[in-house]
*Asks:* 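Structure in structure tokens, see below.
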Amino acid sequence: MTATSQAPARSAVHPSTTARLVLFGVLALNLLFVWYSFFTSDAPAKNSLITVGRFVGLHVALIMIFQLVLIARLPFLDRRLGMDQLTTLHRWVGFTLFWTLLAHVTFIVLGFARLDGNPVPVQILSLAGSFPVLLGMVAFLIIGLVAVVSARYARRRLSYEAWHAIHFLLYLVIVLALIHQLFEVTTFTASSWSRRYWFLLWTLALAALAIGRVVLPVWRNSRHQFRVAAVVPESDDVVSVHVTGKHLDRLPARAGQFMLWRFPGHNPWWQVNPWSLSAAPNGASLRLTAKAVGRTSAGLKDLPVGTRVFAEGPYGALTSVQRTRPASVLIAGGIGVTPIRALLEDLSGPITVLYRVPSMSHAVLYDELDSLARMRDARLHVLPGRTSEGNTPFAPAGLLGLVPDITDRDVFVCGPEPMTVAVLTALRELGVPRSQIHAERFRLAG
């Protein structure tokens, strides 16, 4: 049994606040530096439109570098903000990048059209005659395509595989942007210190991406050598996979986190599944529990013992590190019970568990929850029924009836999107502070 976590001191700075201060503080410092370098530059100004276009172009480069940091899956940011918040940031920064890039292109084209006395279409063709500018135009079109398919209307109608493949084109955008910036001598390389600054900034961003997305996962898998130790059916359509390896006591995994799992030989390499740890890590083994909703998850029951596992992570901020209050409420829906069950094993203090299922026969890991609740002196409420039938316990009055002091507790939520939205809406209506609400929705930035 793992040691239970203790709530942090009330005066302590919340981990997510620390991460935001660092993230946006560094961004603000770089923004000030970019402004200073631009306004103190002695680069010749051809006309006001071109000058504005080049100023906006500096922001395009800075936003692209910021995006690389957001998708790098750096442990410092992920453990404090979580993939959900990083993905939300990534999405809105992506749209900001598109509109900023559109402004950059517009001002540059209009500026040179005025300078050369050409109609806009003729000027676009003229600028495209410069190879670095042509690469910048291609990058703009790719970013525009990604922005279109990322809009909610298009995203709902596009398969995940197609959406993911289109997003891979953004790595090409990075290459094109670097070449475009390298040859833009009037703005980015007008002075030796400006060249050094942008070289250092791009180097750090690309290094962060390589470390977080390639080096760290490869190193951890080489070190821990994960393998399937046992496959245990939990019900007709739910299975638990126990994974062992070397030096698992040094894997920085916490209850409530998830990992990106691949089983070479069982599914194609590009298919990866974000499954939560369904038991608190104990230094000797890990356990994931999945419901058969697709080919990969349905095939887990046939995994041979000894199968090699490639796992990335751990990721996610649905952990005891986020605690701000001594008491907690754990709210689960369906297979979203897996990180909640792990948290129940890890948390201390007064705990109430609300578990929403269609019927008692769908209550995955119920025996474990009941046993842990008894050991922790926690209150466990299994709430059978379907929300679509209008029978929801997650209206504000329902939550208050189940947990009268919910506004003075941390609330951890994981479940289907409609249930999660209903719970978060009710918590806001009840006035639960945002710092006390922790949800996992398995959205992956980049």
*Asks:* Between the side chains of Arg287 and Glu368, is the shortest nitrogen-to-carboxylate-oxygen separation below 4.0 Å, so that they form an ion pair?
*Replies:*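 Salt bridge flag = yes for Arg287 with Glu368.
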*Asks:* For Met64 and Val173, run side-chain contact (heavy atoms from CB on, under 4.5 Å): C-alpha distance rounded to whole Å, both residues' side-chain angles, the deciding distance at 0.1 Å, then the answer.
*Replies:* CA-CA 10 Å; Met64 289 187 67; Val173 168; 3.6 Å; yes
*Asks:* For Arg250, check salt bridge (Lys or Arg N to Asp or Glu O under 4.0 Å) against everything at least two apart and list the hits.
*Replies:*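 Scan of Arg250 (salt bridge (Lys or Arg N to Asp or Glu O under 4.0 Å), adjacent residues dropped) gives none.
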*Asks:* For Glu312, which residues count as a salt bridge (Lys or Arg N to Asp or Glu O under 4.0 Å) partner, sequence neighbours excluded?
*Replies:*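 Here the qualifying residues are Arg73, Arg262.
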*Asks:* Check step by step if side-chain contact (heavy atoms from CB on, under 4.5 Å) holds for Phe226 and Leu251.
*Replies:* CA-CA 11 Å; Phe226 303 109; Leu251 180 70; 4.3 Å; yes
*Asks:* May I ask you to decide if Tyr366's main-chain N or O and Asp370's side chain share a donor-acceptor pair within less than 3.5 Å?
*Replies:*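 No; zero donor-acceptor contacts below 3.5 Å.
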*Asks:* Is the shortest side-chain heavy-atom distance between Tyr171 and Leu209 below 4.5 Å?
*Replies:*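 Side chain of Tyr171 against side chain of Leu209, heavy atoms only: contact under 4.5 Å found.
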*Asks:* With a 4.5 Å heavy-atom cut-off, do Leu178 and Leu206 have their side chains touching?
*Replies:*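 With C-beta onward as the side chain, the pair touches.
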*Asks:* Do the non-hydrogen side-chain atoms of Lys301 and Pro233 ever get within less than 4.5 Å of each other?
*Replies:*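 No - every pair of side-chain heavy atoms lies 4.5 Å or more apart.
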*Asks:* Nearest heavy-atom pair of Pro252 and Pro314: which atoms, and what distance?
*Replies:*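 For Pro252 versus Pro314, the nearest heavy atoms are O-CG, 3.2 Å.
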*Asks:* Report the C-alpha separation of Leu62 and Leu27 in whole Å, then their side-chain angles, then the decisive distance to 0.1 Å, and conclude whether the side-chain contact (heavy atoms from CB on, under 4.5 Å) test is met.
*Replies:* CA-CA 8 Å; Leu62 195 58; Leu27 177 63; 4.3 Å; yes
*Asks:* We want to know whether Thr87 and His90 form a side-chain donor-acceptor pair, criterion being a heavy-atom distance below 3.5 angstrom.
*Replies:*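 Absent: no donor and acceptor within the cut-off.
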*Asks:* Any idea how Phe55 and His59 line up, ring-wise: parallel (<30°), tilted (30 to 60°), or perpendicular (>60°)?
*Replies:*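 Aromatic pair Phe55/His59 classed perpendicular.
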*Asks:* Write down the atom of Arg323, the atom of Leu347, and the distance for their closest heavy-atom approach.
*Replies:*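 The pair with the smallest heavy-atom distance is CD-CD2, 3.4 Å.
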*Asks:* Compare every heavy atom of Val305 with every heavy atom of Ala229, then report the nearest pair and how far apart it is.
*Replies:*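 Taking Ala229 first and Val305 second, the nearest heavy atoms are O-CG1, 3.5 Å.
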*Asks:* Side chains of Leu369 and Val382: does their closest heavy-atom pair fall under 4.5 Å?
*Replies:*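 They are not in contact (no side-chain heavy atoms under 4.5 Å apart), so the answer is no.
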*Asks:* Taking C-beta and beyond as the side chain, do Phe258 and Pro339 meet within less than 4.5 Å on heavy atoms?
*Replies:*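 Side chain of Phe258 against side chain of Pro339, heavy atoms only: no contact under 4.5 Å found.
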*Asks:* Using modelled atom types and a 3.5 Å cut-off, is there a donor and acceptor pairing between side-chain atoms of Tyr197 and backbone atoms of Val34?
*Replies:*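 Absent.
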*Asks:* Between Leu288 and Ser278, what is the shortest heavy-atom contact and its length?
*Replies:*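 Closest approach of Leu288 to Ser278: C-OG, 3.8 Å.
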*Asks:* List, one per line, each side-chain donor-acceptor pair under 3.5 Å for residues 394-406, sequence neighbours excluded.
*Replies:*
residue, atom, partner, partner atom, Å
Asp405, OD1, Arg409, NE, 2.9
Asp405, OD2, Arg409, NE, 3.2

*Asks:* Assess whether side-chain contact (heavy atoms from CB on, under 4.5 Å) is satisfied between Val243 and Trp261, documenting all intermediate values.
*Replies:* CA-CA 11 Å; Val243 176; Trp261 301 91; 4.0 Å; yes
*Asks:* Are Leu300 and Trp275 packed together at the side-chain level, in the sense that at least one heavy-atom pair is separated by less than 4.5 angstrom?
*Replies:*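 A side-chain contact exists here, since the closest heavy-atom pair is under 4.5 Å.
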*Asks:* Provide the closest heavy-atom pair for Leu303 versus Val231 in the form atom of the first, atom of the second, distance.
*Replies:*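 Closest heavy-atom pair between Leu303 and Val231: O-CG2, 3.6 Å.
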*Asks:* Indicate the atoms forming the closest heavy-atom contact of Thr420 with Ala439, along with that distance.
*Replies:*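 Result for this residue pair: CG2-CB, 4.5 Å.
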*Asks:* Is there side-chain contact between Arg80 and Thr17, with heavy atoms separated by less than 4.5 Å?
*Replies:*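 Not touching, per the 4.5 Å side-chain cut-off.
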*Asks:* Using modelled atom types only, decide if a donor and an acceptor are shared between the side chain of Gln436 and the backbone of Pro433 within a distance under 3.5 Å.
*Replies:*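 The answer is no, because no donor-acceptor pair under 3.5 Å joins these two groups.
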*Asks:* On the 0 to 90° scale, with breaks at 30° and 60°, tag the His14-His438 ring pair as parallel, tilted or perpendicular.
*Replies:*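 Judged by the thresholds at 30° and 60°, the geometry between His14 and His438 is parallel.
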*Asks:* Do the side chains of Trp198 and Ile65 get nearer than 4.5 Å, heavy atoms only?
*Replies:*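 Heavy-atom side-chain distance check passes, below 4.5 Å.
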